[in-house]
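Here's the structure, in structure tokens; my notes come after.
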Amino acid sequence: MSKKPSIPKGTRDFSPTEVVKRNYIMDTIRGCFTNYGFQPIETPSFENSETLMGKYGDEGDRLIFKILNSGDFLRKVDDSLYAEKDSLKMTPRISEKALRYDLTVPFARYVVQHQNEITFPFKRYQIQPVWRADRPQKGRFREFYQCDADVVGSTSLWQEVEFVQLYDAVFSKLDLKGVTIKMNNRKVLSGIAEVIGAEDKLIDFTVALDKLDKIGEAGVTKEMREKGISEEAINRLQPLFSVSGSASEKLAKLRELLASSSIGMQGVDELGFIIEQIQTLQLKTATLEIDVTLARGLNYYTGAIFEVAAPSEVKMGSIGGGGRYDDLTGIFGLKDMSGVGISFGLDRIYLVLEELDLFPKTVSATTQVLFINFGTKEALYALQAIATLRAEGISAELYPDEAKMGKQMGYADKRNIPFVVLAGESEMNEQQFTLKNMKLGDQVRVNTSELIAKLK
RNA sequence: GUGGUUGUAGCUCAGUUGGUUAGAGCGCCUGAUUGUGGUUCAGGAGGUCGUCGGUUCGAGACCGAUCUUCCACCCCA
């Protein structure tokens, strides 16, 4: 046991059946992305540390996997720094590269670096793994895939409308019903902070607010108090907890609440626009909902914020998220380039589909027909037929060894191969094949064209 | 990063207050069956009990460390 090899915490191997299912999800998402006019790019799995560090907050920095420099890197550290044993100070000296933490920041870097070759607005999609030095939990890994679609170079709210449609399209294709697209707007949150006079505590305030459905109103106010938000501000927040009802009712309530804040009103108007258009365009399976407590998201969101909740019967964190970031490329020196995008969490969608048994049966299909190996002459005869079948698009294989029938049949059985061909001397003499249906157990004698017809 | 939890055969798990040679089901291999799998029957292989250290006459069981699993925080897809 001890000598058995293993893989690092939070990583996984994928068996054939799992890869087939993952590909099904990926192909579905990719199909929708291209259908909506997005173009694929890829970026390196690791970036220069300075590209990533400081972009996700202190918590994010902690979760970034750092790559040790090559060579005798400790020799270059001066003694006084080494003696301090301060990891935070030491890290930049011994690590200059890091594994990417998400796909959005590398994308921003890409846009800035390639700005002269890009035609704006630029719609790109990207499906690649990301890494986080997190503690694993259910649906939480240290290596996982994100599937991102972003548009940069347009401030049009029609993009947000299209992203809502895109979410709906993907989940409809996957036949995943009961998905809720939660939407909020950073400007609404800023407006609330402004109205209650806690602008300087925006982050603390939003993080606490985000936990409303988890720890309740009392828990949220308690956390806000602990973070130093004044009692007066918390009292003024009161009406917010009772924002409920339909989208238009929520919007009306927010307008009332935020009347004195121009930024807040702007956020409400943006939410209203998107809701209104979606009401006309209609969604197929997903539900769009305004959630004023939705505050997750990285520090760079400036407008819309999206988060996708799995159907309520599945206990799973969000399966997607996104939003508008007006100044993402600004940190890399390219100003006035607004972006908006969404992300799908492939690994979590997989767990949800698995739990709800929503993978189509056909995705598990393997080889269509196995040819039994009876010996050299027979194998050659079989391979000639196999070549013909393959040219017809039928996946076929020859059992490589001249093993006992039982073993060869057992192989077909275990791999769920639906058909087996037996071709020995008597079949060869008549240019025929014995085709056995493994499920029914019956078998027929056929020629080549009949064989193709039966297997197609 | 904090707190808890888990680890015994390929898989799922039993294993009494610490006591002889650690078990079961499923799976695997061989045969009954030299051109017929999935059913049945007979036989067989497979474990330094996660790892390292400690307590003890004696440890799968108790203690410590470490790794891993899952869970709650933090945060997030």
Side-chain angles (χ1 to χ4, degrees), chain A residues 1-12 15 25 29 56-64 87-88 101-104 127-148 203 206-208 210-211 214-215 219 223 294-299 306-310 315-322 341-352 370-375 378 399 402-428 433-443 445:
Chain A
M1 284 295 271
S2 66
K3 279 175 194 130
K4 240 189 227 171
S6 63
I7 53 174
K9 192 202 308 209
T11 64
R12 296 146 303 153
S15 328
I25 300 173
I29 293 173
Y56 311 98
D58 289 346
E59 190 63 23
D61 282 359
R62 207 197 77 208
L63 296 175
I64 291 173
S87 303
L88 235 57
Y101 178 88
D102 72 355
L103 300 178
T104 308
I127 300 177
Q128 289 189 278
V130 302
W131 294 269
R132 295 185 188 176
D134 208 355
R135 274 219 193 163
Q137 272 179 47
K138 180 177 178 177
R140 205 165 192 188
F141 309 100
R142 301 218 286 186
E143 176 184 63
F144 61 96
Y145 270 73
Q146 285 192 333
C147 313
D148 277 29
I203 299 283
T206 52
V207 166
D210 188 41
K211 294 177 188 163
K214 205 168 181 180
I215 59 178
E223 179 161 335
L294 174 59
R296 291 204 199 184
L298 306 164
N299 304 334
F306 297 110
E307 182 169 305
V308 182
K315 198 172 165 277
M316 178 63 66
S318 63
I319 55 175
I342 58 172
S343 180
F344 292 82
L346 173 73
D347 302 82
R348 286 189 176 177
I349 292 171
Y350 181 102
L351 291 173
V352 170
L370 175 80
F371 281 65
I372 300 294
N373 189 333
F374 287 115
E378 291 88 343
Y399 193 87
E402 195 186 326
K404 285 186 188 158
M405 273 291 283
K407 186 150 177 117
Q408 301 195 41
M409 295 295 286
Y411 173 82
D413 191 47
K414 253 163 235 154
R415 282 201 41 203
N416 280 314
I417 295 173
F419 292 97
V420 164
V421 165
L422 301 95
E425 207 178 334
S426 85
E427 283 92 344
M428 284 167 69
F433 306 90
T434 297
L435 178 68
K436 180 182 171 88
N437 182 322
M438 292 296 277
K439 200 168 174 189
L440 303 175
D442 60 350
Q443 54 192 53
R445 192 98 170 218

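Below, chains carry the letters A, B, ... as their sequence lines are ordered, and counting in each starts from 1.
Nucleic acid contact for A:S343: none, since no nucleic acid atom lies under 4.0 Å from a heavy atom of the residue. Residue A:G10 is in sugar-phosphate contact alone, with no base atom involved, counting any heavy-atom pair closer than 4.0 Å across all strands shown. Heavy atoms of A:V207 sit under 4.0 angstrom from primed sugar atoms or phosphate atoms, though from no base atom. Counting non-hydrogen atoms under 4.0 angstrom, A:G441 reaches a base of the nucleic acid. As judged by a 4.0 angstrom heavy-atom cut-off over every strand, A:G410 is placed among residues touching the sugar-phosphate backbone only. Residue contacts for A:G60: at a heavy-atom cut-off of 4.0 Å it reaches no nucleic acid atom on any strand shown.
Along RNA chain B, the nucleotide nearest A:G321 and the nucleotide nearest A:L440 are compared for position; the residue whose nucleotide lies closer to the 5' end is A:L440. Summary of the strand contacts: A:M438 and A:K407 both lie near RNA chain B, and taking for each the nucleotide with the nearest heavy atom, the more 5' one is attributed to A:K407.
Comparing B:rU17 with B:rU30, their P atoms are spaced 43 Å from each other, to the whole Å. Taking atom C1' in both B:rG47 and B:rU21, one finds a spacing of 13 Å when rounded to whole Å. Rounded to the nearest Å, the gap between the C1' atom of B:rU8 and that of B:rG15 is 9 Å. Remark: the separation of the C1' atoms in B:rC41 and B:rG60 is 35 Å, to the nearest Å. B:rG37 and B:rG31 have their P atoms separated by 13 Å, given to the nearest Å. Separation of the C1' atoms belonging to B:rU56 and B:rC11 is 35 Å when rounded to the nearest angstrom. Separating the P atom of B:rA9 from that of B:rC49 is a span of 10 Å, rounded to the nearest Å. Taking atom P in both B:rG46 and B:rU5, one finds a spacing of 37 Å when rounded to whole Å.
In this structure the side chain of A:N416 never reaches within 4.5 angstrom of the side chain of A:M438, judged on heavy atoms. Using a 4.5 Å cut-off on side-chain heavy atoms (C-beta onward), A:I372 and A:M409 make contact. Side-chain contact between A:L63 and A:Y56 is absent, with no heavy-atom pair separated by less than 4.5 Å.
Judged purely by distance below 3.5 Å, without hydrogens or angles, the side chains of A:E427 and A:T434 pair a donor atom with an acceptor atom.
Atom NZ of A:K414 is separated from atom P of B:rG38 by 8 Å (rounded to the nearest Å). As a whole-Å value, the separation of A:I372 CD1 from B:rU34 P is 15 Å. Protein atom CD of A:E402 is 11 Å distant from nucleotide atom C1' of B:rU34, rounded to whole Å. Per the geometry, CZ belonging to A:F144 stands 16 Å off P belonging to B:rC75, to the nearest Å. Atom C1' of nucleotide B:rC71 and atom CZ of A:F141 are separated by 14 Å, given to the nearest angstrom. One interatomic measurement links the two molecules: CG of A:D134 to C1' of B:rU69, which rounds to 15 Å at whole-angstrom precision. Look at CH2 on A:W131: it is 20 Å from P on B:rC76, rounded to the nearest Å. Between the P atom of B:rA77 and the CD atom of A:E59 lies a distance of 13 Å, rounded to the nearest Å.
Atom CG of A:D442 has more than 12 neighbouring heavy atoms from other residues, nucleotides or ligands inside a 6.0 Å radius.
Contact record, A:A423 with A:F433: CB-CD2, 4.0 Å, taken as the closest heavy-atom pair. Between A:F144 and A:R12, the shortest heavy-atom distance links the atoms CA-NH2, 4.2 Å. Minimum interatomic distance between A:Y411 and A:I417 (heavy atoms only, all atoms of both residues): CE2-CD1, 4.4 Å.
A 3.5 Å limit on both hydrogen-bonding distances identifies no Watson-Crick or G-U partner for B:rU39. B:rC28: Watson-Crick or G-U partner is B:rG44, with both key distances under 3.5 Å. Nucleotide B:rG1 is matched to B:rC73 when pairs are restricted to Watson-Crick or G-U wobble geometry with both distances under 3.5 angstrom. Remark: B:rA14 base-pairs with no nucleotide in the shown strands. Criterion, Watson-Crick or G-U wobble with two distances under 3.5 Å.
Across B:rG1, B:rC29, B:rU36, the shortest atom-to-atom separation from the side chain of A:L422 is found for B:rU36. You'll find that the side chain of A:K138 is closest to B:rC71, out of B:rC71, B:rC74, B:rC70. For A:M405, the side-chain atoms get nearest to B:rG35 when compared with the rest of B:rA77, B:rC70, B:rG35. Of the candidates B:rG37, B:rC76, B:rG35, B:rG35 carries the atom nearest the A:S426 side chain, counting heavy atoms from C-beta on. For A:R62, the side-chain atoms get nearest to B:rC74 when compared with the rest of B:rU36, B:rC74, B:rG37.
Donor-acceptor pairing under 3.5 Å, judged by distance alone, is absent between the side chain of A:Q408 and the base of B:rU36. Under 3.5 Å, the side chain of A:D413 and the base of B:rG37 form at least one donor-acceptor pair of N or O atoms. For B:rG3, its base sits under 3.5 Å from the side chain of A:R135 at one donor and acceptor pair at least. A donor N or O paired with an acceptor N or O is found under 3.5 Å between the base of B:rG35 and the side-chain atoms of A:E427.
One finds a side-chain N or O of A:K9 lying less than 4.0 angstrom from the OP1 or OP2 phosphate oxygen of B:rU68. Between A:K214 and the phosphate of B:rC73, there is a side-chain N or O to OP1/OP2 separation shorter than 4.0 Å. The shortest distance between the side-chain N/O atoms of A:Q137 and the OP1/OP2 oxygens of B:rA72 is below 4.0 Å. Listed pair A:K404 / B:rG35 fails the phosphate criterion, with no side-chain N or O lying under 4.0 Å from OP1 or OP2.
For A:F344 and B:rA77, the ring-to-base geometry does not satisfy the stacking test (centroid distance below 5.5 Å, interplanar angle below 30°).
A side-chain donor-acceptor contact under 3.5 Å links A:R142 to the backbone of A:K9.
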